[in-house]
Amino acid sequence: MTAFQRVVVLGSTGSIGESTLDVIARHPERLAVYALSAYSQMARLAEQARASRAAVVVVPDAAAREKFIAAWAGSQPLPEIRVGAQALADTAADAQCDSVMAAIVGAAGLPAALAAARSGKRVLLANKEALVAAGSLFMQAIRDNGAELLPIDSEHNAIFQCLPHGGRAGAPQRPAPGVRRLLLTASGGPFRGRDLEDLHEVTPAQACAHPNWSMGRKISVDSATMLNKGLEVIEAHWLFAMPPDRIEVVVHPQSVVHSMVEYDDGSVLAQLGQPDMRTPIAYGLGFPERLDSGVGPLDLTRLGRLDFEKPDLARFPCLALSFAALRAGQGACVTLNAANEVAVEAFLGGRLPYTWISRVIEASLEWQARQASVTLNSLDDVLALDAEARTFAGNLGLA
Ligand code: NAD
Ligand code: MG
């Protein structure tokens, strides 16, 4: 796809959304914003819509709509304002757009990401929770509707770059030929070297202070617990049709090697770069061509060394829980994600100690395993289990 692209940015006021607008603005000859969406920060959304000349904005409710209008100053005509979750999915499927950046945080982004897949768009997928909750449905929707799927999560983008793809970005049904393993790198987050006992006292500000990446608060906490890497293992399973035992996590504190693919002949291909999400975003927008992303060169001699370690599963129980959920099946993955979203929100709100995040997830997975097996053949099935798991996790008395 090299023609002019009109892009919908879902979650435009977030960390990924801002980086996406930065890359789009560098390429007016081939990229334009069609629509933006945000859940809060209406003043920022108005600034973005003015600067990018978005035709449409999507806001959550009538109160947000009023705030958006109040924030709209100047002579430019107001964009069309659409309201509510259905409008989000409809905009992702809008005939006026070619590409959709799915950068809403959490399972809340699933319906719109799925709508983009079902309408055959180029889907730039940052919203990993959508794949964790509904990997099979989502990948099938990509296949059935001839959509393109470009992974934006830096690890998966790196793996995609290291795999043979022949210029096509689809939804494979089996592992790429000749591939032995996927090696997902993990920074280890801000608590890599901390004693287990110290972690109980950790504050949201400490958990959100990631050593290498600047990101939204939820994914920053996920990086600290390494549940983020667990979600990414599940994400890699779906994106690359790779069985769990052929996905390995390697701790790499510098976050320069974004991930690797090991082939049957012993070759290991890696993608390296500065830890800046504009690189994978530009790759997704430009594919199969390369675009200037604004990211500067990588100075390897200044860096000096690259380190690699095994992850410590005692310090990071969320990683083991994620592998267990992936092996247990889709119901467990939905539950893992939902329980984590509830627990992280409680932690960020000062209602749950850091070390209890993994306990909430573990108890929720045990609850799910005791339930009669569920069929998750539709978006409604997934959302129903997601809601039940949230209720369970919220009622644990922990949250
Ligand atoms: P963020 O919190 O900075 O931004 C989230 C965006 O989603 C905001 O625009 C917000 O208004 C919107 N939003 C929040 N709740 C919503 C809801 N219920 N309905 C509709 N919109 C809602 O998050 P982020 O760091 O940009 O991450 C976005 C997604 O990308 C996440 O799934 C994250 O895991 C993934 N991701 C992020 C990074 C990164 O570097 N930030 C890297 C890889 C993957
Ligand atoms: Mg990542």
Side-chain angles (χ1 to χ4, degrees), residues 8-22 35-45 48-49 57-61 64 67-68 82-89 91-92 101-113 115 123-133 150-160 184-189 208 210 212-223 225-236 239 249 252 255 257-259 271 274-281 284 337 340-341 344-345 348 383 386 390:
V8 170
V9 184
L10 302 173
S12 65
T13 54
S15 161
I16 294 286
E18 292 279 4
S19 294
T20 304
L21 292 178
D22 180 284
L36 301 176
S37 95
Y39 199 64
S40 59
Q41 290 188 272
M42 289 301 123
R44 181 67 194 133
L45 180 65
Q48 291 181 332
V57 294
V58 189
V59 304
D61 51 32
K67 282 189 193 151
F68 182 87
R82 300 179 186 169
V83 178
Q86 185 59 48
L88 213 50
T91 304
M101 166 56 81
I104 289 172
V105 59
L110 169 60
V123 186
L124 306 166
L125 190 71
N127 180 205
K128 64 191 81 182
E129 297 92 346
L131 263 190
V132 171
L150 275 305
I152 299 302
D153 211 348
S154 58
E155 296 75 5
H156 307 78
N157 188 269
I159 289 169
F160 184 83
L184 279 180
T185 52
S187 69
C208 289
H210 196 278
N212 307 331
W213 298 92
S214 149
M215 311 180 285
R217 282 164 72 77
K218 190 262 177 183
I219 184 177
S220 295
V221 176
D222 289 350
S223 300
T225 61
M226 282 191 81
L227 192 273
N228 181 52
K229 209 50 54 182
L231 298 179
E232 291 183 356
V233 168
I234 301 171
E235 188 185 7
L239 285 173
V249 173
H252 165 48
S255 298
V257 176
H258 297 314
S259 277
Q271 186 260 357
Q274 289 190 29
D276 186 322
M277 289 305 292
R278 291 178 301 173
T279 296
I281 290 167
N337 179 64
N340 179 59
E341 287 193 34
V344 169
E345 204 182 311
L348 286 172
L383 295 179
D386 174 80
R390 279 169 204 267

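Indexing begins at 1, ligand by ligand and atom by atom, following the structure's order.
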S.K.: If you measure only the distance, is there a donor-acceptor pair under 3.5 Å linking the side chains of Ser187 and His210?
M.R.: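 Short answer, yes.
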S.K.: If you count the atoms of ligand 1 from 1 in the order shown, which ones are under 4.0 Å from a heavy atom of Ala108?
M.R.: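 The atoms of ligand 1 under 4.0 Å from a heavy atom of Ala108 are 17 (C), 18 (N).
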S.K.: Identify, for atom 14 (C) of ligand 1, the protein heavy atom at the shortest distance, and state residue, atom and that distance.
M.R.: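 Ranked first by proximity to atom 14 (C) of ligand 1 is Val105 CG1, 3.8 Å.
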S.K.: Out of Glu232, Met277, Glu155, indicate the one that has the non-hydrogen atom closest to atom 42 (C) of ligand 1.
M.R.: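 The nearest heavy atom belongs to Met277.
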S.K.: Can you name the closest pair of heavy atoms from His258 and Pro275 and give their distance?
M.R.: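 Closest approach of His258 to Pro275, heavy atoms only: CE1-CA, 4.1 Å.
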S.K.: Taking only heavy atoms of Ser40 into account, list the atoms of ligand 1 that are under 4.0 Å away from them.
M.R.: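 Going through ligand 1 atom by atom, the ones under 4.0 Å from Ser40 are 11 (O).
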S.K.: May I ask you to identify the nearest protein heavy atom to atom 4 (O) of ligand 1, giving residue, atom name and distance to one decimal place in Å?
M.R.: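 Result: Gly14 CA, 3.1 Å.
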S.K.: Among all protein heavy atoms, pick the one closest to atom 26 (O) of ligand 1 and tell me residue, atom and distance.
M.R.: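 Scanning the protein heavy atoms, the shortest distance from atom 26 (O) of ligand 1 goes to Ile16 N, 2.9 Å.
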S.K.: Looking at atom 35 (C) of ligand 1, what's its closest protein heavy atom, distance included?
M.R.: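 Residue, atom and distance for the closest contact: Ala126 O, 3.1 Å.
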S.K.: Are the side chain of Glu235 and the backbone of Val132 linked by a donor-acceptor contact shorter than 3.5 Å?
M.R.: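 No; zero donor-acceptor contacts below 3.5 Å.
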S.K.: Quick check: do Met277 and Ser15 have side-chain heavy atoms less than 4.5 Å from each other?
M.R.: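 A side-chain contact is absent here, since even the closest heavy-atom pair is not under 4.5 Å.
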S.K.: Between Ile219 and ligand 1, which part of the residue brings a heavy atom under 4.0 Å of the ligand: side chain, backbone, both or neither?
M.R.: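 Only the side chain of Ile219 comes within reach of ligand 1.
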S.K.: Does a side chain donor of either Glu129 or Asn127 reach within less than 3.5 Å of an acceptor in the other side chain?
M.R.: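 Glu129 vs Asn127: donor-acceptor pair found between side chains.
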S.K.: Just to confirm my output: which protein heavy-atom neighbour is closest to atom 13 (N) of ligand 1, and how far is it?
M.R.: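 Of the protein heavy atoms, Tyr39 CB, 3.5 Å lies nearest.
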S.K.: Looking at Gly11 and Ile104, what are the two nearest heavy atoms and their distance?
M.R.: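 Taking Gly11 first and Ile104 second, the nearest heavy atoms are N-CG1, 3.8 Å.
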S.K.: Could you see which bit of Glu129 sits under 4.0 Å from ligand 1, with heavy atoms only: side chain, backbone, both or neither?
M.R.: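 Only the side chain of Glu129 comes within reach of ligand 1.
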S.K.: Suppose I only count heavy atoms of Gly11 and a 4.0 Å limit; which atoms of ligand 1 are within that range?
M.R.: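 So the atoms of ligand 1 that pass are 6 (C), 7 (O), 9 (O).
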S.K.: Given Pro111, Ala85, Gly17, Ala103, identify the one with the heavy atom nearest to atom 6 (C) of ligand 1.
M.R.: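 The residue whose heavy atom sits nearest atom 6 (C) of ligand 1 is Ala103.
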S.K.: Considering only heavy atoms of Thr13, which atoms of ligand 1 have at least one such atom less than 4.0 Å away?
M.R.: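 Contacts of ligand 1 toward Thr13, numbered from 1: 8 (C), 9 (O), 11 (O).
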S.K.: Could you name all protein N, O or S atoms found under 2.8 Å from the Mg ion (ligand 2)?
M.R.: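 The answer is Asp153 OD1, Glu155 OE1, Glu232 OE2.
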